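Written out below as C-alpha cells is the structure these notes cover.
Just so it is clear, the structure is predicted and the values come from calculations on it, not from any experiment. Numbered from 1 within each chain, the chains take letters A, B, ... in sequence-line order.
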2 protein chains.
Amino acid sequence: MMTVHEVSKLAGVSIRTLQYYDKIGLLHPTGYTDAGYRLYDDADLERLQHILLFRELEFPLKDIKAIINSPDFDRGKALEQQIELLRLKKEHIENLMNFALGIKILGVKHMDFKAFDRSKLDEYSRQAKELYGSTPEYKEMEEKQKNRTEEDEKILADRFMLLFKEAGEIKNSDPASADAQNLVKRIQDYITENLYTCTNKILRGLGKMYSGGGDFTTNIDAYGGEGTAVFVANAIEIYCDNAG
Amino acid sequence: MMTVHEVSKLAGVSIRTLQYYDKIGLLHPTGYTDAGYRLYDDADLERLQHILLFRELEFPLKDIKAIINSPDFDRGKALEQQIELLRLKKEHIENLMNFALGIKILGVKHMDFKAFDRSKLDEYSRQAKELYGSTPEYKEMEEKQKNRTEEDEKILADRFMLLFKEAGEIKNSDPASADAQNLVKRIQDYITENLYTCTNKILRGLGKMYSGGGDFTTNIDAYGGEGTAVFVANAIEIYCDNAG
DNA sequence: TATAAACTATTACGTAACGTCAGAGTCAAT
DNA sequence: ATTGACTCTGACGTTACGTAATAGTTTATA
C-alpha cells in the first residue's frame, strides 16, 4: 500500500492530480486510513498506467473513465489501440518535422498547413472511443470478433515469447554470431509486422529495457533462462551498431 | 487579403480561435474593413504557422507571444528549436510505444513509469523559452554566436540547394539510375547530419511534398529547372521502395 | 430594391484539468 | 510536547478555447 506521495513520485503525477482523479471517479484508491489518507495498491498503479497512456494521447478524462470502466474494457485491445494511436501521432510529428524543414531550408513561402492536419488522428481516436460507448447491436457484433482477437492475441504473445526461448538456447554463444543477429532481426520483423514499425532506434530502446533489471528482464528470463534478457540486449546493441 | 473564414479553412483553426488570438495580441490581422471585419495577409499566415508549430509543442500561448514578439526573434533559430523539440517528442512517443509493448506482450507487471518521464522535453523547452526572456548579459553572449549561426545557416541552406542543382543536371535521366539514387542518399544523409534523423519514411514524406505542386515544387525547380522537384520525388520513391 | 442567405463582431458564460493557496488535522521522531 | 513532514478538503484562479445570443454586414437573387 502506497501513499499519495509515493505514487506521485513513482508515476510523476502531482498529488493534486491524484486527489482530483479520485474526486471525479477516474482512479479511486483501494483504501483509506482512518484519517482519510489515500492508500494505493498495485492494481491502482496499473489503472494509472492506462490512464496516463490515454492522457498522452489527449483523450479527455471523461472518455478515459468511460473506457476503463466499461464492462467490456479489454486491456489488450486498449493497448493495441494505444499503440496505433501512438503510431499516428509519431507520423504527425514527422510531418511537422518535414514541414519545419520546408520553411527553414527550402524557403517555402506560400502557405501550406497540411502538416497540421489532425483528421486521421482524430478519426481513429473517435473510433477508439466509440468502441466503448456503443449500442447493444454493435456490441454483439464486436463480441463475436472479440473471441477471435483474444485468441489471436494469445498466439501473438506466445509466438513472441518463442523468440526468447530460442534466445535462451543460444544465450551462451557470441551475441555477434550470425544466429544471434538473425534472431534480433526476427524480433524486429515480428514487432514491425504485428504491432508497429520497429526502427533500429526503437529496437535499441527495447534492448535497454530488456537489460534494465526490471520486470522486462524477469519476464524474459522466465522464458529463456537467466541471462537471456541481457544476451538479447547485447545482441541488439551489436545489431544496431552495425546497421548504424 | 483573406477573411477569417478563409484563414480558418486554410489553416484548420476555428474562427473563434483567430478572434481569440487577435484579442490576446498573439496574432493581429494586418487590417480591418470599415465594418470591423478582420483581414489577414501572407505575413500573418506565416506568423500563424509559427504559432501553430509552437502550439503543437505545447507551449503556452503567452510564451509563444513572448517568443514571437521578442526583438531578437529569429525565424531560423526558432525553427531549429522546433525541430529539436519535435525530435524529442518523437523519442518520447517511441518510448511510450515500447512501454505499451512491454505490458502487452511481455506482461510487465511491476510498475514502471519511466516512459512517462518528460523531463528531457520540458528541460529543452524551458531553455528555448529562456532564450527570449533573458538578461542583457546573456543576450550579449548569445548575440556573438548568433552571427556564427546565421552564417552557418546560409551555408546550410546553400549546400542543401546545391543538391537540387545537381538533381537538375540529371533530371532527364532515369530516376532509378545509380547517379539519381546516390543523390537521394546524399539528401537523406545531409538532413540526418544537419537537422534530424531522416528515416526512409520521413524521406518518403518529403518526396510527396516536393512533387505536391506547392511552394516546395516551385522553390526546388527554381534551383534545378522545371521538373527537378518531380524528378527528385520519383527518385525518392524508388529509393524507398528498394530499401524496403 | 427588397430580402433572404451567409458571414462577421462582440459580449457573456461554460468547460477541462488541473495549480495554488488557505486552514486544519495527522504522523513520526526527538 | 513540539517540530517538521505529510495529508485533507474547499475555494478560487487559469488556460484556451467552445457555445450560444444578439446584432450588424455583404452578396446573391427575385
Looking at B:Arg38, does any N or O in its side chain come under 4.0 Å of the phosphate oxygens OP1/OP2 on C:dT8?
no

Centroid-centroid under 6.0 Å between B:His28 and B:Tyr21 rings:
no

Taking atom P of D:dT9 as reference, at what distance in whole Å does atom OH of A:Tyr37 sit?
11 Å

I need the NZ-C1' distance between A:Lys65 and C:dA16, as an integer number of Å.
14 Å

What is the distance, to the nearest angstrom, from the CD atom on A:Glu58 to the P atom on D:dA16?
14 Å

Looking at B:Arg87 and B:Glu84, is there a salt bridge between them, counting it only when a charged N and a carboxylate O are closer than 4.0 Å?
yes

Rounded to whole Å, the CG-P distance (A:Asp63 to C:dT15) equals 16 Å

Ring centroid separation A:Phe99 to A:Phe116 under 6.0 Å:
yes

Across the strands shown, which category fits A:Thr3 at heavy-atom distances under 4.0 angstrom: base, sugar-phosphate, nothing?
sugar-phosphate

Just how far, in rounded Å, is C1' of C:dC18 from CD1 of A:Ile51?
15 Å

Roughly, in whole Å, what's the span from CG in A:Asp34 to C1' in C:dC27?
13 Å

Can you see whether A:Gln188 engages A:Asn200 through a side-chain donor-acceptor pair at a distance of less than 3.5 angstrom?
yes

Between B:Asp22 and B:Tyr32, is there a side-chain donor-acceptor contact under 3.5 Å, judged purely by atom types and distance?
yes

Report yes if some heavy atom in the side chain of B:Phe59 is under 4.5 Å from a heavy atom in the side chain of B:Lys129; otherwise report no.
yes

Hey, can you pull the residues of residues 13-29 of chain A with a non-hydrogen atom under 4.0 angstrom from DNA chain C?
A:Ser14, A:Arg16, A:Thr17, A:Tyr20, A:Tyr21

Report the residue (B:Ala35 or A:Lys62) whose heavy-atom-nearest nucleotide on DNA chain C is the more 5′ of the two.
B:Ala35

Nucleotide D:dT25, atom P - distance to CG of B:Leu39 in whole Å:
15 Å

Below 4.0 Å: OP1/OP2 of D:dA5 and any side-chain N or O of A:His5
no

Does A:Gln19, at its CD atom, have more than 12 non-hydrogen atoms belonging to other residues, nucleotides or ligands within less than 6.0 Å?
yes

Below the 4.0 Å mark, does C:dA16 have OP1 or OP2 next to a side-chain nitrogen or oxygen of A:Arg55?
no

